[in-house]
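Chain letters run A, B, ... following the sequence lines, proteins first and then strands; every chain starts at 1.
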Amino acid sequence: MNYWLMKSEPEECSIDDLARAPNQTVPWVGVRNYQARNFMRDAFALGDGVLFYHSSCPQPGIAGLAEVASAAYVDATQFDANSPYHDPKSKPEAPRWLHVDVRFGRKTRLLSLAEMRAEPRLQSMRVLQAGNRLSITPVSTEEWRALQELLAD
DNA sequence: GCCAACGTTGGC
DNA sequence: GCCAACGTTGGC
């Protein structure tokens, strides 16, 4: 069992959108970074815990919990010329981009980025390191446990 | 809107 | 393979 933090822009898909989605599950399409893709392809497992993080918004932070609901499979948007995620260099016979499905767990209070930065037990979190831009980052068991406490209220 | 940090691209 | 230019991310 592994744990992950996944960033989503709430204007595109918020924790509420995830809760309202069919089967409370969304295909996590649009990842166009090789490191993030490789996490999904090589390290994700069904049932892995996900921290659902709201980014690029007025109140960035963790907004809920979710889980990995599928293995990695081909992201069809890369071949769709009308999609913002279209990748003209990716060929159907050798798809570059994959994604997983993510299923809603529960909504939590918003644990703000500022609060995360101030919490001693979270200092090692990859998402908090200077210059980090990855939309998917691993979370250690210790970090996950601390977060469960912080989100319990 | 700014800007630092980082990834990608493409000429050489 | 190097590396400058460019694009993107994402908090502020």
What residues, two or more places apart in sequence or in another chain, satisfy salt bridge (Lys or Arg N to Asp or Glu O under 4.0 Å) together with Arg106(A)?
none

Set of side-chain hydrogen bond (donor to acceptor under 3.5 Å, both in side chains) partners for Asn132(A), sequence neighbours left out
none

Salt bridge (Lys or Arg N to Asp or Glu O under 4.0 Å) involving Glu142(A) - partner list, sequence neighbours excluded
none

Under the side-chain hydrogen bond (donor to acceptor under 3.5 Å, both in side chains) test, which residues partner Thr108(A), sequence neighbours left out?
none

Could you work out how much the helix from dG1(B)-dC12(C) to dC12(B)-dG1(C) bends, comparing the axis of its first five pairs with that of its last five, to 10°?
10°

Whole-Å distance separating the CD atom of Gln35(A) from the P atom of dG7(B)
6 Å

Just to verify, what does Asp80(A) make a side-chain hydrogen bond (donor to acceptor under 3.5 Å, both in side chains) with, not counting sequence neighbours?
none

side-chain contact (heavy atoms from CB on, under 4.5 Å) with Arg117(A): which residues, sequence neighbours excluded?
Leu113(A), Leu128(A)

Separation of dT8(C) atom C1' from Tyr85(A) atom OH, nearest Å, is 13 Å

Lys91(A): partners by side-chain hydrogen bond (donor to acceptor under 3.5 Å, both in side chains), with sequence neighbours left out:
none

Taking every non-hydrogen atom, the tightest pair across Gln123(A) and Ala118(A):
NE2-C, 4.2 Å

Please give, in whole Å, the distance from dT8(B) P to Asp87(A) CG?
11 Å

What's touching nucleotides 1-3 of chain B from the protein side, N or O pairs under 3.5 Å?
none

Between the protein and nucleotides 9-11 of chain C, list every N/O to N/O distance that falls short of 3.5 Å.
{"from": "dG10(C)", "atom 1": "OP1", "to": "Lys7(A)", "atom 2": "NZ", "distance (Å)": "2.6"}
{"from": "dG10(C)", "atom 1": "OP1", "to": "Arg133(A)", "atom 2": "O", "distance (Å)": "3.0"}
{"from": "dG11(C)", "atom 1": "OP1", "to": "Tyr53(A)", "atom 2": "OH", "distance (Å)": "3.0"}
{"from": "dG11(C)", "atom 1": "OP2", "to": "Ser56(A)", "atom 2": "N", "distance (Å)": "2.9"}

Mind checking salt bridge (Lys or Arg N to Asp or Glu O under 4.0 Å) for Arg126(A) and listing every partner two or more places apart, or none if nothing turns up?
none

Quick one: Arg37(A) CZ to dT8(B) P, roughly how many Å, whole number?
10 Å

The complete set of side chain to side chain donor-acceptor pair (under 3.5 Å) pairs with one or both residues in residues 40-62 of chain A, sequence neighbours excluded, reads Trp4(A)-Asp48(A), Asn38(A)-Arg41(A)

